[in-house]
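This report concerns only the one structure given below.
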Amino acid sequence: MIGSGLGGLACGNILSKAGFKVIILERNHQIGGNLQVFSRDKTVFDTGVHYIGGLDKGQNLYKIFKYFGIMDHLNLIRMDEEGFDRINFLGEEKVYKYGMGYDKFYENLVADFPEEKEAIRKYCDLILNFCDRFPMYQLRDEVGKYSMDETLLVNAKELIESLTDNERLRDVLGGTNALYAGTEKTPFYVHALVVNTYIESSWRCVDGGSQIAILMQKEIRKHGGEIVKRAEVVGVESEDGKNLSAVVLRDGRTVKGKNFISNMHPKQTIDVVGEKFFRKAYVNRIKGLKNTISSFTVHVVFKKKTFKYINHNLYYFNETGVWDMVDYDEAQWPMNFMFSTPANSKDPEYCDGASIMCYMKSELFDPWRDSFNTIAEKGQRPQDYLDFKEECTQKILDLVASKIPGFKDKVESYYASTPLTFKDYINTDDGHLYGIEKDSNDGLKTFINPKTRIPNLFLTGANINLHGILGVSISSIVTCAELIDRHELLAKINEFGE
């Protein structure tokens, strides 16, 4: 297994349970990819897991986590059922609330838009309808009864606009699209699969999402698997020119195997394995795919007992047109943000800190692209990078302060993550948020088969099917189904329905 992100850990969990001898190779000092946390001033921050959906009994991620053997050990807090996600716009005091469960979700929106009952009902029905079109999302072992070509080509922005002429309702329905870096090209199925899981139930990990990785590691080791850190794969060996026989690590060691699963981005997998193993058309298609935008995130540490814990997320937009935020005007940045307060076990009333995420174009950091800095491999960023980083940080803090009175007075310290931070720690070429960008104009192009032309090399992770905790977990099932019986695997997972 190349990479210990959730995709690698999930595949390691499934296959070790099935009796495979598993070894996971991780380049960094910490496992988990976007499950990683870091600590500043004794405050724990998540790098990517700000909340999780679908964890009520019987829901899809609940079943998967029960099968993984980690559900009963997670320290979770259920988010505000009245409004787990809240959306606000420039010049408005009004905050729109996403209620938990479809009844509450519908009820909240109808209260804000009483003349739009039909549109809101149609929207909810469409979300559920599109989720039903993906059997694996429902953990059903059956062939879809819908045309996938047709499903993949439905555009999210256009479909929502077809439901109502009310521009504010349109913006509210698309207001959490930072969860998938939504653009005018985003397919509706991406919107539906992501939004549905949080409407069903939303949860925060108390003291950070790294507990998921830690628990997965324990399960893998319990079943005989091994995880090796600081083991960067830089090449492969093949004895017959068709199958892989071993991977080569940066320090010169080789690790032999019968089957290999890459949790890296498909582009990086091709670079490491070598283009000669793949058809030219495949290489050109994969390398021609566009990644989603990156992020600039400010993590603030609050002065003790000054900022009360907020059991919901706030999505803010500086103007209408929520689907335009990715293609922002650099002179007007930041145009939007997601504000989230981590849950901690020390004090349920007050929070230690908050994370503020804003879209950021990775190309703005091209001048420093060759720099590198992680705990495992220390480096030095140049001063002009640090100056630009500080300038961006202050712009974000000013924008948040304009929405939350007294915010700056409560900040003790702050730290920022740029696209280069994500590039170095998550091992992506540009620090993108959610892997390959889905495009409703060419839906099948961005679907990547876990099987490759190399008979014993498979792909997994955020770029197979869907990103996120749930998406990657399902992708791992799809990948492992190439090596073990899919029917039996899904039957075992569904045993945990209650």
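For this chain, numbers begin at 1 and follow the sequence in order. As a basis for the values below, the full set of heavy atoms in this structure was taken, side chains included, without hydrogen atoms, waters or symmetry mates.
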* **Between S340 and N313, a side-chain donor and acceptor under 3.5 Å** => yes
* Asked: With a 4.5 Å heavy-atom cut-off, do N344 and V44 have their side chains touching?
  -> no
* Within 45° of the ring axis of Y315 and under 6.0 Å from its six-membered ring centre, is that where the NZ or CZ of R86 lies? -> no
* Is a side-chain donor or acceptor of S201 paired with a backbone partner of D56 at a separation under 3.5 angstrom? -> yes
* To do: Apply side chain to side chain contact (heavy atoms under 4.5 Å, CB included) to N166 and F113, showing your working.
  => CA-CA 9 Å; N166 188 308; F113 303 96; 3.8 Å; yes
* To do: Indicate the ring-plane relationship of F65 and F68, choosing parallel, tilted or perpendicular according to the 30° and 60° boundaries.
  => tilted
* Asked: Does the side chain of I23 reach to within under 4.5 Å of the side chain of L25, using non-hydrogen atoms?
  -> yes
* Asked: By ring-ring contact (aromatic ring centres under 6.0 Å, His included), which residues pair with Y123, not counting sequence neighbours?
  -> H191
* To the nearest 0.5 Å, tell me how far M216 CE sits from E219 CD. => 8.5 Å
* Asked: For D171 and W323, does a side-chain donor sit closer than 3.5 Å to a side-chain acceptor?
  -> no
* Asked: Would you say the side chain of H50 lies within less than 4.5 Å of the side chain of M338, judging by non-hydrogen atoms?
  -> yes
* D80 and N311: side-chain donor and acceptor closer than 3.5 Å? -> no
* Asked: Is a side-chain donor-acceptor pair under 3.5 Å present for D430 with N291?
  -> yes
Pairs of donor and acceptor atoms involving the side chains of residues 326-335, under 3.5 Å and at least two apart or interchain, shall be tabulated with distances.
from	atom 1	to	atom 2	distance (Å)
Y328	OH	K361	N	2.9
D329	OD1	A331	N	3.0
W333	NE1	Y359	O	2.7

* Asked: Does K17 make a cation-pi contact with Y67 (under 6.0 Å, within 45 degrees of the axis)?
  -> yes
Distance-only donor-acceptor pairs under 3.5 Å for side chains of residues 300-308, two or more places apart:
from	atom 1	to	atom 2	distance (Å)
K303	NZ	D409	O	2.9
K305	NZ	D347	OD2	2.6
T306	OG1	K303	O	2.7
K308	NZ	E349	OE2	3.4

* **Nearest-0.5 Å distance that lies between atom CD in E200 and atom CG in L61** => 10.5 Å
* Of R381, K423, Q380, which meets side chain to side chain donor-acceptor pair (under 3.5 Å) against S371? -> R381
* **K185 versus N155, side-chain donor and acceptor atoms under 3.5 Å** => no
* Asked: Side chains of T47 and Q36: donor-acceptor distance under 3.5 Å anywhere?
  -> no
* If you measure only the distance, is there a donor-acceptor pair under 3.5 Å linking the side chains of Q383 and D387? -> yes
* Run the salt-bridge test on E495 and K492 with the 4.0 Å N-O cut-off and return the result as yes or no. => no
* Structure fact -> CG (L139) and CD1 (I477) are apart, to the nearest 0.5 Å, by 5.5 Å
* For N88 and K94, test the side chains for any donor-to-acceptor distance below 3.5 angstrom and give the result as yes or no. => no
* For the atom pair CG (D207) and OG (S39), what is the distance rounded to the nearest 0.5 Å? -> 11.0 Å
* **Side-chain H-bond candidate by donor/acceptor type, T418 with Y385, under 3.5 Å** => yes
* Reference residue D352; test salt bridge (charged side-chain N to carboxylate O under 4.0 Å, His left out); the match among K42, K346, R40 -> K346
* Decide side chain to side chain donor-acceptor pair (under 3.5 Å) for N28 and K229; before the verdict, give the C-alpha distance in whole Å, the side-chain angles of both, and the deciding distance to 0.1 Å. => CA-CA 6 Å; N28 283 321; K229 294 181 284 188; over 6 Å; no
* Asked: So, Y415 and D41: side-chain donor and acceptor under 3.5 Å apart, yes or no?
  -> yes
* To do: Kindly indicate, with the supporting measurements, whether the criterion ring-ring contact (aromatic ring centres under 6.0 Å, His included) is fulfilled by Y189 and F134.
  => CA-CA 9 Å; Y189 82 86; F134 291 82; 5.2 Å; yes
* Can you check whether I24 reaches I31 side chain to side chain, under 4.5 Å on heavy atoms? -> no
* For the ring pair H299 and F38, is the centre-to-centre distance below 6.0 Å? -> yes
* With rounding to the nearest 0.5 Å, note down the distance linking CE in M100 to CG in D85. => 9.0 Å
* Taking the side chain as every heavy atom from C-beta outward, state whether I120 and L169 have any atom pair closer than 4.5 Å. => yes
* To do: To the nearest 0.5 Å, tell me how far L459 CG sits from N263 CG.
  => 10.0 Å
* Asked: According to the interplanar angle, ranging from 0 to 90°, do the rings of F317 and F89 count as parallel (below 30°), tilted (30 to 60°) or perpendicular (above 60°)?
  -> parallel
* Asked: Please walk me through it: do E82 and K97 pass salt bridge (charged side-chain N to carboxylate O under 4.0 Å, His left out)?
  -> CA-CA 7 Å; E82 290 297 316; K97 301 177 182 179; 5.9 Å; no
* To do: Going by the side chain to side chain contact (heavy atoms under 4.5 Å, CB included) test, name the single residue among T341, D46, L76 that passes it with R204.
  => T341
* Does the separation of the ring centres of Y62 and F496 fall below 6.0 angstrom? -> no
* Close side-chain approach of Y51 and M79, heavy atoms under 4.5 Å -> yes
* How about Y414 and E390: does a side-chain donor come under 3.5 Å of a side-chain acceptor? -> yes
* Does a side-chain N-to-carboxylate-O contact under 4.0 Å join D398 and K395? -> no
* Modelled atom types, side-chain donor and acceptor of N427 and R27, under 3.5 Å -> yes
* Asked: Does one side chain, of T446 or D439, offer a donor that lies under 3.5 Å from an acceptor on the other?
  -> no
* To do: Check whether any side-chain heavy atom of L6 lies under 4.5 Å from a side-chain heavy atom of N34, and answer yes or no.
  => no
* **Between N318 and Y316, a side-chain donor and acceptor under 3.5 Å** => yes
* Between F188 and S440, is a side chain to side chain contact (heavy atoms under 4.5 Å, CB included) present by the stated rule, with each step listed? -> CA-CA 8 Å; F188 187 76; S440 63; over 6 Å; no
* Would you please say whether a donor-acceptor pair under 3.5 Å links the side chains of S362 and S294? => no
* Y309/Y350 under ring-ring contact (aromatic ring centres under 6.0 Å, His included): CA gap, chis, key distance, verdict -> CA-CA 5 Å; Y309 171 70; Y350 289 91; over 10 Å; no
* Any chance you could lay out the side chain to side chain contact (heavy atoms under 4.5 Å, CB included) test for M357 and L433, step after step, and finish with the verdict? => CA-CA 11 Å; M357 186 190 81; L433 276 173; 4.2 Å; yes
* Asked: Side-chain contact, heavy-atom cut-off 4.5 Å: F130 with L193?
  -> no
* To do: With side chain to side chain contact (heavy atoms under 4.5 Å, CB included) as the test, would you mind laying out the steps for I293 and M360 before giving the verdict?
  => CA-CA 7 Å; I293 195 168; M360 173 66 82; 5.9 Å; no
